[in-house]
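One structure is given here, and the rest of the page talks about it.
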Amino acid sequence: MKRVLVTGGAGFIGSNFVQYMLSNKENIELLVNLDALTYAGNLENLTEVQNDKRYKFVKGDIRDKELVEKLFCEYDFDTVVHFAAESHVDRSIEEPELFLTTNIVGTQTLLDAAKRHWKIQPNDKYSCDYRDGVKYLQVSTDEVYGALGETGMFTETTPLSPNSPYSASKASADLIVRAYHETYGMPVNITRCSNNYGPYQFPEKLIPLMIHNARNDKALPVYGDGMQIRDWLHVSDHCAAIATVLEKGKIGEVYNIGGNNEKANIEIVRLILAELGKPESLITYVKDRPGHDRRYAIDNTKITTELGWAPVYTFEQGIKETINWYLDNVEWVERITTGDYLNYYTKMYENI
Ligand code: NAD
Ligand code: DAU
């Protein structure tokens, strides 16, 4: 039975992962979700699990050493899945410092607590206290590899070459995780996934933003020429891949995660307009993002051949379901755009 610490479990992928684990994995004894509830954290993503006896929410910051240490002592975690991060590239261009402290120092704080609690000593690979199932999983991103030209794909051995403050902070965190493995023998894995889409994504990111604007007949802001390419994966396929790495990943290894699904941004925008029956005149080309990566593409050979994971969703099915989810959950989006979702914590947890 597993005692799991999930960080950032109130965000987009984290909340999908918490739901995925509690509904699909019978070996979860306890799942603690540590989340600071920044603007991106929304407990309304988790209403389906909030009464599950195995689930506990803790509002707190991954950079708060005392709190993180206390949680390890109190709950005796054997697994850490680290999602918590500042995740939006455009915001990182405006406010790099926040990205460096959250994404780098936050990662180190967690690693230190896990190292102490798991009694891992320098050079003591998988030390005497190493138990079957003790694992620290760093949720990283394909953006650490930088940008591709018209050909080629990112493999796990592609050199790190991040271009934005966000991706530089994620690459730095990856290197620290690697160093804790090499130096102390921390039982780690790093996963690097391509762009996710699906329910509960904050409407600052391309797909939910475009659905929201199209529905409201507002302009759809396409950066530059709209020909940048992203490799899209349904969030539930990402969650299943992380669960697979937790179960079968070889300690110390990096696994790329992607679904071989490259699309230019403008294709996605046109598809959304067509699905909603809205005119292409809503498309508005705007100033490009500085340092905008032209193309990402993941080579998923390692995880598919060595661990047997494969995506379930086709993009055609996934994007339709996703568009319908946002149309069926207009209230969820409205509560974000009006800021009402920020009151949910106070309402639900003020007496705890
Ligand atoms: P998100 O922005 O939707 O969620 C981030 C969560 O982290 C929020 O709930 C937020 O409250 C929490 N958080 C932020 N700072 C915190 C802190 N200091 N302490 C505790 N909690 C804090 O992000 P997401 O899109 O769900 O991404 C989750 C992870 O997956 C990130 O590490 C990101 O780099 C990675 N990732 C994302 C994608 C993608 O397409 N969205 C793809 C690959 C990897
Ligand atoms: O590749 C994985 C990464 O994908 C994750 O690590 C990041 O956390 C996640 O935010 C995402 O980064 P992107 O920058 O690719 O996602 P975003 O949704 O911000 O943008 C997708 C593409 O769409 C990108 O080329 C920029 C473009 N774009 C985005 C927005 C918000 C627009 O043209 N207009 C927009 O308004």
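Every value quoted in this text rests on a predicted model; they were computed, and no experiment measured them. Numbering starts at 1 and runs along the sequence shown. Both ligands and their constituent atoms are indexed starting at 1 by order of listing. Quick note: numbers below take in every heavy atom, side chains included, and nothing from hydrogens, waters or symmetry partners.
For Trp118 and Phe77, the ring centers are positioned 6.0 Å apart or more. Taking the six-membered ring where the residue is Trp, the centroids of Phe12 and Phe202 are separated by 6.0 Å or more. The six-membered or imidazole ring of Tyr285 lies away from that of Tyr223, with a centre-to-centre distance of 6.0 Å or more.
When only interatomic distances are considered, the shortest N/O to N/O separation between Tyr296 and ligand 2 does not fall below 3.5 Å. In terms of polar-atom proximity, Arg289 is counted as a contact of ligand 2, with an N or O under 3.5 Å from an N or O of the ligand. Considering backbone and side-chain N/O atoms, Gln228 never comes within less than 3.5 Å of an N/O atom of ligand 2. Backbone and side-chain nitrogen or oxygen atoms of Asp61 are examined, and one is located within less than 3.5 angstrom of a nitrogen or oxygen of ligand 1. Between Asn265 and ligand 2, a contact under 3.5 Å exists for at least one N or O pair. Where the criterion is an N or O separation shorter than 3.5 Å, residue side chain and backbone included, Arg230 meets it with respect to ligand 2. In terms of polar-atom proximity, Asn196 is counted as a contact of ligand 1, with an N or O under 3.5 Å from an N or O of the ligand. Geometrically, ligand 1 and Ser87 share a nitrogen or oxygen pair separated by less than 3.5 Å. Looking at ligand 2, you won't find any N or O of Asp90 less than 3.5 Å from one of its N or O atoms. Considering backbone and side-chain atoms together, Val222 places no N or O closer than 3.5 Å to any N or O of ligand 2.
Salt bridge absent: Glu26 and Arg54 never bring a charged side-chain N and a carboxylate O closer than 4.0 Å. A salt bridge links Lys278 and Asp217; the closest N-O separation between the charged side-chain nitrogens and carboxylate oxygens is under 4.0 Å. Here Lys170 does not pair with Asp142 in a salt bridge; the nearest charged N to carboxylate O distance is not below 4.0 Å. Salt-bridge check for Glu86 with Arg91: failed, with every basic side-chain N at 4.0 Å or more from each acidic carboxylate O. Glu262 has a carboxylate O that lies under 4.0 Å from a charged side-chain N of Arg295, or vice versa, which qualifies the two as a salt bridge. The residues Arg289 and Asp90 are annotated as salt-bridged, a charged nitrogen and a carboxylate oxygen being separated by less than 4.0 angstrom. In summary, Lys302 and Glu156 do not engage in a salt bridge, as defined by a charged side-chain N under 4.0 Å from a carboxylate O. Salt bridge Arg192/Asp174: present, at least one basic N to carboxylate O contact under 4.0 Å.
Protein heavy atom at the shortest distance from atom 4 (O) of ligand 2 is Asn195 ND2, 3.1 Å. Nearest protein heavy-atom neighbour of atom 9 (C) of ligand 2: Ser87 O, 3.9 Å. Protein heavy atom in closest approach to atom 6 (O) of ligand 2: Tyr166 OH, 2.6 Å. Among all non-hydrogen protein atoms, the one lying nearest atom 24 (C) of ligand 2 is His292 NE2, 3.4 Å. Nearest protein heavy-atom contact of atom 12 (O) of ligand 2 is Glu143 OE2, 2.8 Å. When hydrogens are left out, the protein atom nearest atom 33 (O) of ligand 2 is Tyr223 N, 2.9 Å; that is the closest non-hydrogen contact.
At a heavy-atom cutoff of 4.0 Å, ligand 1 is contacted by no atom of Ser15, backbone or side chain. When heavy-atom distances to ligand 2 are checked against a 4.0 Å cut-off, Asp293 has no atom that comes that close, whether in backbone or side chain. When non-hydrogen atoms are compared, ligand 2 lies under 4.0 Å from the backbone of Lys205 as well as from its side chain. The proximity of Leu206 to ligand 2, defined as any non-hydrogen pair under 4.0 Å, involves the side chain as well as the backbone. Contact annotation: for Tyr166 versus ligand 1, heavy atoms closer than 4.0 Å belong to the side chain alone. With a 4.0 Å heavy-atom cut-off, ligand 1 is reached by no atom of Asn42. With a 4.0 Å cut-off on non-hydrogen atoms, Thr102 touches ligand 1 through its side chain and not its backbone. Neither the backbone nor the side chain of His88 comes within 4.0 Å of ligand 1, counting heavy atoms alone. Heavy atoms of His82 found under 4.0 angstrom from ligand 1: none, in either backbone or side chain.
The distance from atom OG1 of Thr101 to atom CD1 of Ile62, rounded to the nearest 0.5 Å, is 9.0 Å. Of the inter-residue distances, the one linking Tyr341 atom OH with Thr337 atom OG1 reads 10.0 Å to the nearest 0.5 angstrom.
For atom 31 (C) of ligand 2, the nearest non-hydrogen atom from the set Lys170, Gln201, Glu204 belongs to Glu204. Among Phe12, Phe83, Trp232, Tyr296, the residue whose heavy atom lies nearest to atom 3 (O) of ligand 1 is Phe12.
Assignment of Phe202 to the shell around ligand 1 is not supported, since no heavy atom sits closer than 4.0 Å. Residue contacts with ligand 1 include Ser140, since one or more of its heavy atoms lies under 4.0 Å from the ligand.
Contact atoms of ligand 2 toward Leu209: 36 (O) (distance under 4.0 Å to a heavy atom of the residue). The ligand atoms of ligand 2 that sit less than 4.0 angstrom from a heavy atom of Pro221 are 32 (C), 33 (O), 34 (N), 35 (C), 36 (O). Listed by number with element, the atoms of ligand 2 under 4.0 Å from a non-hydrogen atom of Thr141 are 1 (O), 2 (C), 3 (C), 5 (C), 6 (O). Per-residue contacts place His88 under 4.0 angstrom from the following atoms of ligand 2 (heavy atoms of the residue considered): 19 (O). Below 4.0 Å from some heavy atom of Ser194 lie the following atoms of ligand 1, by number and element: 42 (C), 43 (C). Each of the following atoms of ligand 2 lies closer than 4.0 Å to a heavy atom of Asp142: 1 (O), 2 (C).
A side chain to side chain contact (heavy atoms under 4.5 Å, CB included) with Tyr200 is found for one member of Asn45, Leu46, Asn42 and no other, namely Asn45.
Asn265 and Gln228 share a donor-acceptor pair across their side chains, judged by distance under 3.5 Å alone. Inspection of the Tyr136 and Gln138 side chains reveals an N or O donor paired with an N or O acceptor under 3.5 Å.
Geometric assessment of Arg230 against the ring of Tyr296 yields a positive cation-pi assignment under the 6.0 Å and 45° thresholds.
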